[in-house]
**Student:** 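One structure, pasted below without further comment.
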Amino acid sequence: MAARTQVRTLATFNVNGINARLPHLLEWLGEAQPDIVALQELKATDAAFPIAAIEDAGYGAIWHGQASWNGVALLARGATPIESRRELPGEPKDTQARYLEAAVHGVVVGALYLPNGNPQPGPKFDYKLRWMARLARHARSLVDLPHPVALIGDFNVIPDDIDVYDPKAWKRDALIQPEVRAAYADLLAQGWTDALRAVFEDEVIYTFWDYFRQHAERDRGLRIDHLLLNPVLAEGLVEVGVDRDVRLREKASDHAPTWARVRVPKTPSR
DNA sequence: ATGACCGGGTGTCCCGGA
């Protein structure tokens, strides 16, 4: 029987300013050639999104920008994502650009930038918990679909103590609070596979290193960028990784590109 | 226990980030 599947690379990368990071992004796209890329923290309006440079690199894109903060995008190598939604349901007055969903290369991809939630306690932490409840509700409608679905992005959640270089130093931070961890665990319990943890098992792997005290060079990081796969997609999981070398370059984002390679049913060539 | 680096805009300081 002829092969009816192909391996696709899904990646998530919090760029911390799309225009400040454009040279980095283009360099990494050329090296890694990911098929599907979720970007967070564009920190740019829709009009300021550098679509021409991204198209020149061989990618189609959709984006949901916002001045100064937030902002998410989805890139597809040799294709344009087919958008299905650009906000998470449940809070119509929420104007923060944190969610984008599309069909990309045969995968339904929810690209997200979950609120940081600091300081906690406080209104920003309450917003984070509400956002996680909205995400869980929406994810429930996606997990059991009969086709590949992924939720990828910057979740701003440290799932377990192994995912932070010093749990005590982060004890009061919003990213590690018990309510936040419980909400993440409840989300996984719907049937999602945390791709990095599934492959790395009990090994340490980080996706973020702050700008202070040479934490990147010293590998004192956090694992907060996640790729969640529904059961159909998790069955095809091949390989995962974090491109830490990107974080070690000059003028880097504080996050590194984080990716999973998955086998998906072939989509018609174009 | 504290503070330290970043990017963007409200712009040479402040806010948000994590």
Side-chain angles (χ1 to χ4, degrees), chain A residues 12-26 28 38-50 53 63-73 94-99 112-132 135 152-181 183-184 196 204-226 242 244 246-258:
Chain A
T12 177
F13 185 17
N14 180 321
V15 291
N16 188 15
I18 183 70
N19 287 304
R21 214 67 60 207
L22 189 58
H24 263 196
L25 174 65
L26 297 175
W28 170 72
L39 302 178
Q40 304 87 36
E41 278 206 83
L42 302 182
K43 292 185 172 180
T45 59
D46 281 337
F49 186 81
W63 59 96
H64 184 187
Q66 182 178 339
S68 305
W69 304 303
N70 310 317
V72 288
D94 183 1
T95 55
Q96 298 190 26
R98 295 182 175 275
Y99 192 81
L112 62 99
Y113 175 45
L114 209 148
N116 171 299
N118 280 305
Q120 74 81 30
K124 291 186 177 179
F125 190 68
D126 297 340
Y127 173 64
K128 178 175 195 162
L129 294 179
R130 288 201 312 277
W131 208 94
M132 293 189 84
L135 177 62
I152 67 179
D154 177 356
F155 281 68
N156 272 316
V157 176
I158 298 167
D160 290 290
D161 282 355
I162 193 178
D163 299 311
V164 49
Y165 65 91
D166 182 357
K168 274 193 272 187
W170 288 78
K171 189 178 165 61
R172 285 185 298 276
D173 195 278
L175 278 61
I176 203 172
Q177 292 312 302
E179 307 96 299
V180 167
R181 286 183 159 180
Y184 185 77
L196 261 71
V204 171
I205 179 75
Y206 300 136
T207 67
F208 165 89
W209 301 258
D210 69 31
Y211 287 119
F212 308 132
R213 292 151 295 193
Q214 296 192 292
H215 274 170
E217 293 79 1
R218 296 159 62 201
D219 198 19
R220 292 166 71 83
L222 313 178
R223 188 175 73 94
I224 55 177
D225 301 276
H226 305 307
V242 177
R244 182 171 171 234
V246 174
R247 174 65 182 88
L248 296 172
R249 292 173 192 174
E250 286 292 318
K251 284 188 64 83
S253 167
D254 37 9
H255 297 249
T258 302

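Below, chains carry the letters A, B, ... as their sequence lines are ordered, and counting in each starts from 1. Any value given below was found using the heavy atoms of this structure, including those in side chains, with hydrogens, waters and symmetry copies removed.
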**Student:** If the test is side chain to side chain donor-acceptor pair (under 3.5 Å), which one of A/Lys43, A/His24, A/His255 qualifies with A/Asn16?
**Tutor:** A/Lys43
**Student:** Could you give the CG-to-P distance, from A/Asn70 to B/dG16, as a whole number of Å?
**Tutor:** 11 Å
**Student:** Which whole-number value in Å describes the distance from A/Gln120 CD to B/dG17 C1'?
**Tutor:** 16 Å
**Student:** Find which nucleotide of DNA chain B each of A/Phe212 and A/Arg172 is nearest to by heavy atoms, and output the residue with the more 5' nucleotide.
**Tutor:** A/Arg172
**Student:** Whole angstroms only, please: what is the CG-C1' distance between A/Asp210 and B/dA4?
**Tutor:** 9 Å
**Student:** Using a heavy-atom cut-off of 4.0 Å across all strands, would you classify A/His215 as base, sugar-phosphate, or nothing?
**Tutor:** nothing
**Student:** With the threshold set at 4.0 Å, does a side-chain nitrogen-carboxylate oxygen contact exist between A/Arg181 and A/Asp161?
**Tutor:** yes
**Student:** Can you check the A/Asp254 CG to B/dG7 P distance for me, whole Å?
**Tutor:** 9 Å
**Student:** Within the structure provided, determine whether A/Val242 and A/Tyr206 are in side-chain contact (heavy-atom separation under 4.5 Å).
**Tutor:** no
**Student:** Without swapping roles, check the side chain of A/Thr207 against the backbone of A/Ile205 for a donor-acceptor pair under 3.5 Å.
**Tutor:** no
**Student:** At under 4.0 Å between heavy atoms, what does A/Arg98 touch on the DNA or RNA strands: base, sugar-phosphate, or nothing?
**Tutor:** sugar-phosphate
**Student:** Given atom CD of A/Gln96 and atom C1' of B/dG16, what is their separation to the nearest angstrom?
**Tutor:** 11 Å
**Student:** Using atom CH2 of A/Trp170 as one end and atom P of B/dA18 as the other, report the distance to the nearest whole Å.
**Tutor:** 9 Å
**Student:** State which of B/dA18, B/dG3, B/dG17 makes the closest approach to the side chain of A/Tyr211.
**Tutor:** B/dG17
**Student:** Working to the nearest 0.5 Å, report the span between CD1 of A/Ile224 and CG of A/Asn116.
**Tutor:** 8.0 Å
**Student:** Taking OP1 and OP2 of B/dA18, is either one under 4.0 Å from a side-chain nitrogen or oxygen of A/His255?
**Tutor:** yes
**Student:** Expressed in whole Å, how much space separates the C1' atoms belonging to B/dG11 and B/dC15?
**Tutor:** 12 Å
**Student:** Quick one: does any side-chain atom of A/Asp160 pair with a main-chain N or O of A/Ile162 as donor and acceptor, under 3.5 Å?
**Tutor:** no
**Student:** Are OP1 or OP2 of B/dA18 and a side-chain N or O of A/Tyr113 less than 4.0 angstrom apart?
**Tutor:** yes
**Student:** Do you know which of A/Lys128, A/Gln40, A/His226 makes side chain to side chain contact (heavy atoms under 4.5 Å, CB included) with A/Asn156?
**Tutor:** A/Lys128
**Student:** Which whole-number value in Å describes the distance from A/Phe125 CZ to B/dG16 C1'?
**Tutor:** 17 Å
**Student:** Would you measure the distance from the P atom in B/dA1 across to the matching atom in B/dC14 and give it in whole Å?
**Tutor:** 28 Å
**Student:** Quote, to the nearest angstrom, the P distance that separates B/dC6 from B/dT10.
**Tutor:** 23 Å
**Student:** Which word best sums up how the rings of A/Phe155 and A/Tyr184 line up, parallel for under 30°, tilted for 30 to 60°, or perpendicular for over 60°?
**Tutor:** perpendicular
**Student:** What residues, two or more places apart in sequence or in another chain, satisfy side-chain contact (heavy atoms from CB on, under 4.5 Å) together with A/Gln214?
**Tutor:** A/Glu217, A/Arg218
**Student:** Could you tell me how far B/dA4 sits from B/dG8 if I compare only their P atoms? Round to whole Å.
**Tutor:** 22 Å
**Student:** Can you build the contact string for nucleotides 8-15 of chain B? Use B for base contact, S for sugar-phosphate-only contact, and - for no protein heavy atom under 4.0 Å.
**Tutor:** SSB-----
**Student:** Please round to the nearest 0.5 Å and tell me the distance separating atom CH2 of A/Trp69 and atom OH of A/Tyr113.
**Tutor:** 11.5 Å
**Student:** Figure out the CZ/P separation between A/Arg247 and B/dA18, and round it to whole Å.
**Tutor:** 12 Å
**Student:** Taking the C1' atom in each of B/dG7 and B/dA18, what is the distance between them to the nearest angstrom?
**Tutor:** 14 Å
**Student:** At a heavy-atom distance below 4.0 Å, what parts of residues 154-167 of chain A sit against DNA chain B?
**Tutor:** A/Asp154, A/Asn156
